[in-house]
*Asks:* 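Would you mind keeping the following structure in view while I ask a few things?
Just so you know, these numbers use all the heavy atoms, side chains as well, and skip hydrogens, waters and symmetry mates.
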Amino acid sequence: MGEYDKYFNKDLHKDLNKNSHIKHVIAVTSGKGGVGKSLMTSLLAVLDADITGPSIPQSFGLTEKLYGNDKGIIPAETRTGIKIVSLNLMLDNPTDPVVWRGSLISNTVTQFWTDVYWGELDYLFVDMPPGTGDVPLTVFQSLPVDGIITVSSPQELVSMVVEKSVNMAQMMNIPILGLVENMSYYICPDCGNKHYLFGESHIDEIAKKFNISTVCRLPMDPAITKVVDAGLIETITQMELMPIVNKLMKED
């Protein structure tokens, strides 16, 4: 076994906060930013899960700052009881830039696991940064990730960035639970027809290449944007996500 294999196969998992118990950890990844990864994480959380993520509070209308007690950092809670920890809930101003080096960001993400009092959770969804850099590597090595959901838009599914994300997961021996093609199509409100604004979908080809059985497509919907901007993501039910949710439940 080479030095490369030794590095990636070494057990570097961090201990969970002693007052918490989490059954499953699911990472939501993307090869590139701006494809709707945070939206997917939020929608999955509405379907009875908990999340961490830097842009998540806006979707749920959260502004309160986090605090701690002798058990650890206390997550914020949404209207329906979803627990959230986000760096934006720790900043004096949510628009302040986080000008940190990768090592500091990675350590902060690890603290979300070791220092947060999550309590009893069935699922913890981690809203990952795009790409395959320091933070994804830290999460995959430090947290007991059970599976990955990869999000992309149609045009990105034909580029190497999606394959990089999937290849990293396979390199870390973490199963891909499903592919989500966001902004897959647009339904015309006048004629009711589907229009593929970013061209023909290739999601099935990518799934077949990597032996991924679960695939779902989500449309472009201005109503979703309005709901997210209003901080009311919990009012949405996305039936297109049910294949992934059902797969998660079967493995519970």
Side-chain angles (χ1 to χ4, degrees), residues 26-46 51-62 84 86-89 91 94-100 102 105-106 108-109 125-140 148-169 176-187 194-203 205-207 210 212 215-233 236 238 240-241 244:
I26 309 299
V28 182
T29 69
S30 67
K32 184 179 181 296
V35 298
K37 174 178 48 56
S38 295
L39 173 63
M40 296 306 107
T41 309
S42 299
L43 291 173
L44 286 164
V46 171
I51 58 176
T52 65
S55 62
I56 296 296
Q58 170 66 33
S59 300
F60 292 91
L62 292 175
I84 293 177
S86 169
L87 189 59
N88 269 10
L89 297 177
L91 300 175
T95 62
D96 288 343
V98 181
V99 188
W100 295 355
I105 294 176
S106 297
T108 301
V109 172
F125 282 88
V126 184
D127 182 22
M128 304 279 281
T132 56
D134 287 346
V135 175
L137 181 59
T138 297
V139 171
F140 293 157
I148 293 171
I149 297 169
T150 298
V151 182
S152 187
S153 55
Q155 74 272 32
E156 296 302 337
L157 281 167
V158 297
S159 66
M160 69 175 66
V161 292
V162 174
E163 296 195 21
K164 284 180 179 290
S165 180
V166 173
N167 281 328
M168 182 178 187
I176 302 289
L177 300 178
L179 283 177
V180 176
E181 183 180 74
N182 191 30
M183 299 179 283
S184 181
Y185 55 88
Y186 172 73
I187 300 178
K194 288 184 179 180
H195 299 278
Y196 298 89
L197 303 182
F198 295 108
E200 182 182 356
S201 172
H202 295 270
I203 190 171
E205 298 171 19
I206 299 294
F210 291 98
I212 299 170
V215 170
C216 70
R217 300 171 179 84
L218 296 179
M220 299 179 68
D221 189 343
I224 294 179
T225 302
K226 291 181 180 179
V227 169
V228 171
D229 289 344
L232 298 172
I233 191 75
I236 292 178
Q238 287 290 338
E240 293 89 343
L241 286 175
I244 287 179

*Asks:* Compare every heavy atom of Glu181 with every heavy atom of His202, then report the nearest pair and how far apart it is.
*Replies:*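 The pair with the smallest heavy-atom distance is N-OE2, 4.2 Å.
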*Asks:* What's the spacing between Met40 CE and Cys216 SG if we round to 0.5 Å?
*Replies:*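 Met40 CE to Cys216 SG: 7.5 Å, rounded to 0.5 Å.
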*Asks:* Checking Val180 against Val151 for the side-chain contact (heavy atoms from CB on, under 4.5 Å) test, could you report, in this order, the C-alpha distance in whole Å, the side-chain angles of both residues, the deciding distance, and whether it holds?
*Replies:* CA-CA 5 Å; Val180 176; Val151 182; 4.2 Å; yes
*Asks:* Show the numbers, then the answer: is there a side-chain contact (heavy atoms from CB on, under 4.5 Å) between Ile56 and Ser42?
*Replies:* CA-CA 7 Å; Ile56 296 296; Ser42 299; 3.4 Å; yes
*Asks:* Quick one: closest heavy-atom pair of Phe198 and Met183, and the distance?
*Replies:*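 Looking at all heavy atoms of both residues, the closest pair is CD1-O, 3.6 Å.
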*Asks:* Closest approach of Ala169 and Ile176, non-hydrogen atoms and distance?
*Replies:*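 What the structure gives for the nearest pair is CB-CD1, 3.4 Å.
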*Asks:* Find the distance between CZ (Phe60) and CG (Leu232) and round it off to the nearest 0.5 Å.
*Replies:*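 So the gap between those two atoms works out to 10.5 Å.
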*Asks:* Determine the minimum heavy-atom distance between Val35 and Ser30, stating which atoms define it.
*Replies:*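 Of all heavy-atom pairs spanning Val35 and Ser30, the closest is CG2-CB, 3.7 Å.
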*Asks:* State the OG-CZ distance between Ser184 and Arg217, to the nearest 0.5 angstrom.
*Replies:*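 Taking OG in Ser184 and CZ in Arg217, the distance rounds to 6.0 Å.
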*Asks:* List for me each residue that meets side-chain contact (heavy atoms from CB on, under 4.5 Å) alongside Thr29, sequence neighbours excluded, and say none if there are none.
*Replies:*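 With neighbours one apart ignored, the set is Ala27, Met128, Phe140, Ile148, Thr150, Ser165.
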*Asks:* Tell me every residue that passes side-chain contact (heavy atoms from CB on, under 4.5 Å) with Leu197, counting only those two or more places apart in sequence or in another chain.
*Replies:*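 So Leu197 forms a side-chain contact (heavy atoms from CB on, under 4.5 Å) with Tyr186, His195, Met220.
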*Asks:* Residues in side-chain contact (heavy atoms from CB on, under 4.5 Å) with Asp229, at least two apart?
*Replies:*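 Thr225.
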*Asks:* Closest approach of Pro130 and Lys37, non-hydrogen atoms and distance?
*Replies:*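 Distance-wise, the nearest heavy atoms are N-CE, 4.2 Å.
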*Asks:* What closest approach, in Å, do Val162 and Ser152 show between heavy atoms, and which atom pair accounts for it?
*Replies:*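 Where Val162 meets Ser152 most closely, the heavy atoms are CG2-OG, 3.5 Å.
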*Asks:* In Å, rounded to the nearest 0.5 Å, how long is the span from CD1 of Ile149 to OG1 of Thr41?
*Replies:*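 The distance works out to 8.0 Å.
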*Asks:* CG/Leu179 to CD1/Ile203 distance, rounded to the nearest 0.5 angstrom?
*Replies:*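 Between atom CG of Leu179 and atom CD1 of Ile203 there are 5.0 Å.
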*Asks:* Between Ile233 and Leu39, is the side-chain contact (heavy atoms from CB on, under 4.5 Å) condition met? List the steps.
*Replies:* CA-CA 9 Å; Ile233 191 75; Leu39 173 63; 3.8 Å; yes
*Asks:* Under the side-chain contact (heavy atoms from CB on, under 4.5 Å) criterion, do Ile236 and Ile224 qualify, and how do the steps go?
*Replies:* CA-CA 8 Å; Ile236 292 178; Ile224 294 179; 4.0 Å; yes
